[in-house]
Amino acid sequence: MAVKHFLQFNDFSRDEYAYLFARTARIKAKFKAFETYHPLFDRHLAMIFEKNSTRTRLSFEAGMQQLGGSSIFLNTRDTQLGRGEPVEDAAQVISRMVDIVMIRTFEQDIIERFAAHSRVPVINGLTNEYHPCQVLADIYTFIEQRGSIQGKTVAWIGDSNNMCNTWLQAAEVLDFNVHVSTPPGYEIEPERAGLFGQNHFEEFADPMDAARGAHLVTTDVWTSMGFEAENEERKKAFADWCVDGDMMQVSQPDSLFMHCLPAHRGEEVEAEVIDGPHSVVWDEAENRLHAQKALMEYLLLGKVEET
Ligand code: CP
Ligand code: NVA
């Protein structure tokens, strides 16, 4: 049987997400009740980081240990990957020694090539194109606080980056709408976003128009990891794409604000928003832990009976 990977959001079906969201709730409840749950006893996770991380490393490492397994942290600087060993060879070797792999890297092509040569499941912990683990946790957070996301409107304000692309894929899989506003020259590229159609998003020149009536307003840094050389140019281009109180005011009265973090107050979001009443960024960050535990359990054990 083919090994199942999680390389982009549309690798899973709507039914699989329904299972994962229910499972996340169950696994979170166990954690909150201090219940020991070790379904992944003696399973080992390799985490390969080619970019920095706080939340992704912490949530995968703590999560694997909480499930009874262990994790090994690898980065480009200390491994042969940083000295040009082919990713295909690394995949063959690493996947003979561990049960599951999480990778944070640059181009999506790198993780696709790794997965094609891996004997074990591979999880995308962020690439230039996608960040599916984050959107998994974000949508779980929305459901936890507001119920089903189907038919709802998500406003994406800012860069057409890995988070934006993943929200656009999620809208197709889970049947909701994304209202996107990006500065001129930074528009979404449906092919790069891996979209099937054009029916689940709408583009707005003015970020206020994208925010109007939205159930969830979300944004991300103006300059993603790997694009630092463009920082000064981006600061000028993105100056009007800052989520502020006025944007939240025109969204739904009970709208949520999310940000994958790390955030830059005064750039993509004002402090009054990220630290204000609509913001659920700390719950969102915590839910990375619970959602990824459900994800690893699913990739390694398949659907489990209610426990
Ligand atoms: N949101 C997120 O992935 O955070 P890190 O870069 O800290 O892992
Ligand atoms: N878009 C950001 C997300 C960081 C978690 C980046 O890729 O740097």
Side-chain angles (χ1 to χ4, degrees), residues 6-9 45 47-64 71 73-76 101-111 123-142 154 156-170 178 180 182-183 186-189 192-194 216 218-231 233-235 237-238 241-243 256-265 267-269 274 279-293 295-296:
F6 188 54
L7 305 182
Q8 50 185 299
F9 201 89
L45 163 73
M47 304 187 295
I48 303 169
F49 283 93
E50 297 208 80
K51 292 176 177 169
N52 290 22
S53 169
T54 298
R55 281 145 287 267
T56 303
R57 177 178 178 181
L58 194 56
S59 53
F60 271 104
E61 193 162 332
M64 194 56 178
S71 60
F73 173 81
L74 303 169
N75 65 23
T76 319
V101 179
M102 190 283 304
I103 307 180
R104 169 167 285 195
T105 187
F106 292 89
E107 290 78 28
Q108 181 73 8
D109 172 66
I110 298 171
I111 201 169
I123 297 172
N124 182 346
L126 182 147
T127 57
N128 289 351
E129 287 84 354
Y130 306 119
H131 197 3
C133 291
Q134 182 69 55
V135 176
L136 177 72
D138 292 3
I139 294 177
Y140 174 77
T141 306
F142 186 91
V154 174
W156 177 269
I157 312 294
D159 192 18
S160 59
N161 63 11
N162 42 16
M163 282 297 299
C164 176
N165 288 342
T166 309
W167 272 109
L168 292 168
Q169 281 200 359
V178 186
V180 186
T182 57
Y186 296 90
E187 290 86 0
I188 57 174
E189 297 170 51
R192 182 172 156 88
L216 165 62
T218 186
T219 186
D220 188 10
V221 291
W222 290 342
T223 305
S224 287
M225 292 181 281
F227 297 83
E228 288 81 1
E230 300 173 14
N231 200 22
E233 194 184 322
R234 283 171 169 267
K235 275 189 176 169
F238 283 78
W241 277 260
C242 172
V243 179
L256 299 179
F257 172 78
M258 292 191 195
H259 188 310
C260 65
L261 307 178
H264 299 77
R265 288 169 177 78
E267 292 192 8
E268 74 275 8
V269 61
I274 194 167
S279 177
V280 290
V281 296
W282 312 127
D283 292 329
E284 179 190 1
E286 179 190 325
N287 283 334
R288 291 287 301 276
L289 174 70
H290 310 302
Q292 289 162 192
K293 285 166 76 178
L295 174 66
M296 289 192 286

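Quick caveat: nothing in here was measured; it's all calculated off a predicted structure. Whatever order the structure lists them in is the order used to number ligands and atoms, beginning at 1.
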Original post:
Polar-atom distance check: Cys260 versus ligand 1, any N or O pair below 3.5 Å?
Top reply: yes
**OP:** Check whether any side-chain heavy atom of Thr56 lies under 4.5 Å from a side-chain heavy atom of His131, and answer yes or no.
**Re:** yes
Subject >> side chain to side chain contact (heavy atoms under 4.5 Å, CB included) between Met163 and Trp167, worked out >> reply: CA-CA 6 Å; Met163 282 297 299; Trp167 272 109; 3.8 Å; yes
Original post:
Are side-chain N/O atoms of Ser59 and Gln292 paired as donor and acceptor at under 3.5 Å?
Top reply: yes
Original post:
Should Leu261 be counted as touching ligand 1, given the test is an N or O pair under 3.5 Å?
Top reply: yes
Original post:
Which ligand 2 atoms are under 4.0 Å away from a heavy-atom of Leu261?
Top reply: 5 (C)
Original post:
Which residue holds the protein heavy atom closest to atom 4 (O) of ligand 1, what is that atom called, and what is the gap in Å?
Top reply: Arg55 NE, 2.8 Å
Original post:
Does a side chain donor of either Thr76 or Glu50 reach within less than 3.5 Å of an acceptor in the other side chain?
Top reply: yes
**OP:** For atom 7 (O) of ligand 2, find the nearest protein heavy atom and state the residue, atom name and distance (0.1 Å precision).
**Re:** Asn162 ND2, 2.8 Å
Original post:
So, Asn124 versus Gln108: side-chain donor-acceptor pair below 3.5 Å or not?
Top reply: yes
Original post:
What residue and heavy atom of the protein are closest to atom 6 (O) of ligand 1, and at what distance?
Top reply: Arg104 NH1, 2.8 Å
**OP:** Check each atom of ligand 1 against the heavy atoms of Thr54 and keep those under 4.0 Å away; list them by number with element.
**Re:** 5 (P), 7 (O), 8 (O)
Original post:
Does any N/O atom on Thr223 come nearer than 3.5 Å to any N/O atom on ligand 2?
Top reply: no
**OP:** Decide whether the shortest distance between a heavy atom of Lys51 and an atom of ligand 1 is less than 4.0 Å.
**Re:** no
Subject >> Sub-3.5 Å N/O-N/O distance, Arg104 and ligand 2 >> reply: no
**OP:** Answer yes or no on whether Arg57 is positioned over the face of Phe49, meaning its NZ or CZ is under 6.0 Å from the six-membered ring centre and within 45° of the axis.
**Re:** no
**OP:** Rounded to the nearest 0.5 Å, what's the gap from OG1 on Thr166 to CG on Leu136? Could you check?
**Re:** 11.0 Å
Original post:
Which protein non-hydrogen atom lies closest to atom 1 (N) of ligand 2, naming both residue and atom, and how far is it?
Top reply: Asp220 OD2, 2.6 Å
Original post:
At a non-hydrogen distance cut-off of under 4.0 Å, which region of Arg57 contacts ligand 1 (side chain, backbone, both, or neither)?
Top reply: neither
Subject >> Enumerated ligand 2 atoms positioned under 4.0 Å from heavy atoms of Met225 >> reply: 6 (C), 7 (O), 8 (O)
Subject >> Distance filter under 4.0 Å to Leu126 heavy atoms, resulting ligand 2 atoms >> reply: 3 (C), 4 (C), 5 (C), 7 (O)
Subject >> Heavy-atom side-chain proximity of Ile274 to Val281 below 4.5 angstrom >> reply: yes
Original post:
Please state which protein non-hydrogen atom is closest to atom 2 (C) of ligand 1 and give its distance, to 0.1 Å?
Top reply: Arg288 NH1, 3.4 Å
Original post:
Distance only, no hydrogens: is a donor on one side chain within 3.5 Å (strictly under) of an acceptor on the other, for Asp283 and Thr141?
Top reply: no
Subject >> Over 12 non-hydrogen atoms of neighbours within 6.0 angstrom of CG in Asn52 >> reply: no
Original post:
With a 4.0 Å heavy-atom cut-off (strictly under), which part of Leu126 contacts ligand 1: side chain, backbone, both or neither?
Top reply: neither
